[in-house]
Structure formats: structure tokens, C-alpha cells
Amino acid sequence: QVQLAESGGGLVQTGDSLRLSCAASGRAFSSYAMGWFRQAPGNEREFVASIRRSGGYTDYADSVKGRFTISADIAKNTVYLQMNSLNPEDTAVYFCASTRAQSRVDRDYDYWGQGTQVTVSS
């Protein structure tokens, strides 16, 4: 089993940056691809970004492409989401998740963290 714990959320202003972290423990992180999702109040959970352990291939939702960067430190069993040029539409609870096959679909992910709140004020 894999345990995931997000951190780094907070309240920022439009144009600011934040870096989220997701620390993985339990089964070897290197066996999995990792993803970030977000859910705003009243909305469904949506894909943000993912990274494949082998080769580091990344994938981004169009809404964050060019502003967000996903990365992984295998030695630290940690995945990061660097978020730049934040705007109020990015306000949501952000979740990290692990999967055996890189995907944009949340049901393909096996383990989830508890989420971290990101609030962007205008």
C-alpha cells in the first residue's frame, strides 16, 4: 500500500506562485506514475498533471500548461507541483494520487492523499 501526504497549499494573490509537495511512503514510489488533481467547490475533480516514473514523461491539462510544472525526486519519494501565474480559477483542493499506468482519469488512480487547499484571491 502507498500512503500519500500533500503539503504546500495556502492563500495567495493573483499572479503569485506556490509549490505543492506530495510525500509518498509504503510501497516503492518508483513503481508508480503520479498525478495531481484538483476539485473546486461544486465541481468535479479534474486532472491537472501527471509524471511517469520511467523516463519522467509529463502530461498537463490545457488549463495549466505553461504555468504549472510537475516533477519528482525519486530519492525523496516526493512529487512536486510548481504553480506559477496563479489566478482565482486555480482555487481548489489539490490532491496527489498514484497509478500503475499514467492517465488523466481519476478512477485509474489507486491511492490518494487527503488534499491541500489552494486559494487564489483576485
Side-chain angles (χ1 to χ4, degrees):
Q1 188 160 350
V2 175
Q3 292 82 41
L4 304 172
E6 304 95 335
S7 61
L11 172 63
V12 297
Q13 295 184 333
T14 296
D16 285 350
S17 298
L18 275 177
R19 188 177 80 157
L20 305 183
S21 300
C22 173
S25 61
R27 190 174 293 178
F29 164 70
S30 61
S31 300
Y32 295 84
M34 300 291 292
W36 285 97
F37 289 76
R38 66 186 182 185
Q39 187 168 21
N43 290 355
E44 294 185 353
R45 188 162 55 190
E46 65 173 354
F47 169 78
V48 175
S50 66
I51 186 166
R52 188 184 302 169
R53 164 60 181 88
S54 177
Y57 177 80
T58 57
D59 185 28
Y60 296 94
D62 288 344
S63 58
V64 306
K65 195 173 296 182
R67 299 189 298 123
F68 292 11
T69 302
I70 188 171
S71 61
D73 186 331
I74 303 303
K76 295 183 177 180
N77 282 357
T78 301
V79 176
Y80 303 99
L81 186 68
Q82 177 67 43
M83 306 185 295
N84 299 329
S85 301
L86 286 163
N87 59 65
E89 288 70 38
D90 296 316
T91 295
V93 177
Y94 284 71
F95 300 89
C96 69
S98 67
T99 177
R100 297 179 184 272
Q102 193 172 19
S103 171
R104 292 187 170 200
V105 180
D106 58 358
R107 64 176 178 270
D108 291 335
Y109 287 74
D110 303 305
Y111 300 100
W112 292 81
Q114 80 287 350
T116 185
Q117 177 71 47
V118 172
T119 303
V120 185
S121 64
S122 58

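The analysis underlying the following values was restricted to heavy atoms, covering all of them including side chains, and did not include hydrogens, waters or symmetry mates. Just so you know, residue 1 is the first one in the sequence shown, and it goes up from there. Being a predicted model, the structure only gives us computed values, none of them experimental.
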Looking at every non-hydrogen atom in both residues, tell me the closest pair between [X] and [Y] and how far apart they are.
| X | Y | answer |
| --- | --- | --- |
| Ser50 | Gln102 | OG-NE2, 2.9 Å |
| Ala92 | Ala40 | CB-N, 3.8 Å |
| Pro88 | Thr14 | CD-OG1, 3.4 Å |
| Ile51 | Ala72 | CD1-N, 3.9 Å |
| Gly8 | Thr116 | N-OG1, 4.3 Å |
| Leu86 | Arg67 | CA-NH1, 4.0 Å |

Keeping [X] on the side-chain end and [Y] on the backbone end, is there a donor-acceptor pair under 3.5 Å?
| X | Y | answer |
| --- | --- | --- |
| Thr91 | Val120 | yes |
| Thr99 | Asp108 | yes |
| Glu46 | Ala61 | no |
| Glu6 | Gly115 | yes |

(message) Atom CD of residue position Gln114 - does it have more than 12 heavy atoms of other residues, nucleotides or ligands inside 6.0 Å?
(response) yes
(message) Tell me whether the count of non-hydrogen atoms from other residues, nucleotides or ligands lying under 6.0 Å of CD in Gln13 goes above 12.
(response) no
(message) Using side chain to side chain contact (heavy atoms under 4.5 Å, CB included), reason through Arg38 and Asp90 one step at a time and then give a plain yes or no.
(response) CA-CA 9 Å; Arg38 66 186 182 185; Asp90 296 316; 2.9 Å; yes
(message) Among residues at least two apart in sequence or on other chains, which ones pass ring pair (Phe, Tyr, Trp, His ring centres under 6.0 Å) with Tyr80?
(response)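 With sequence neighbours excluded, Tyr80 shows a ring pair (Phe, Tyr, Trp, His ring centres under 6.0 Å) to no residue whatsoever.
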To the nearest 0.5 Å, what is the distance between [atom1] ([X]) and [atom2] ([Y])?
| X | Y | atom1 | atom2 | value |
| --- | --- | --- | --- | --- |
| Thr69 | Met83 | OG1 | CE | 11.0 Å |
| Leu20 | Phe68 | CG | CZ | 8.0 Å |
| Gln39 | Phe95 | CD | CZ | 5.5 Å |
| Met34 | Leu81 | CE | CG | 11.5 Å |
| Tyr60 | Phe47 | OH | CZ | 9.0 Å |

(request) State yes or no: do Ile70 and Tyr109 share one hydrophobic cluster built from I, L, V, M, F, W and Y residues joined by side-chain heavy-atom distances below 4.5 Å, directly or via other members? (result) no
(message) With clusters defined by side-chain heavy atoms of hydrophobic residues (ILVMFWY) lying less than 4.5 Å apart, directly or transitively, does Tyr111 cluster with Val48?
(response)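 Yes, same cluster.
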(message) Distance alone, cut at 3.5 Å: any donor-acceptor contact between the side chains of Ser17 and Asn84?
(response)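 There is such a pair (donor and acceptor under 3.5 Å, judged by atom type) between the side chains of Ser17 and Asn84.
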(message) With a 4.5 Å cut-off on side-chain heavy atoms, are Ser25 and Asn77 touching?
(response)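 No, side chains not in contact.
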(request) Any chance you could lay out the ring pair (Phe, Tyr, Trp, His ring centres under 6.0 Å) test for Trp112 and Phe37, step after step, and finish with the verdict? (result) CA-CA 10 Å; Trp112 292 81; Phe37 289 76; 5.1 Å; yes
(message) Here's a test for you: under side-chain contact (heavy atoms from CB on, under 4.5 Å), which of Cys96, Ser71, Ser21, Ser7 qualifies with Thr78?
(response) Ser21
(message) According to salt bridge (charged side-chain N to carboxylate O under 4.0 Å, His left out), who are the partners of Asp59, at least two apart in sequence or on a separate chain?
(response)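 By the salt bridge (charged side-chain N to carboxylate O under 4.0 Å, His left out) rule, Asp59 matches Arg104.
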(message) Tell me every residue that passes side-chain hydrogen bond (donor to acceptor under 3.5 Å, both in side chains) with Arg19, counting only those two or more places apart in sequence or in another chain.
(response) none
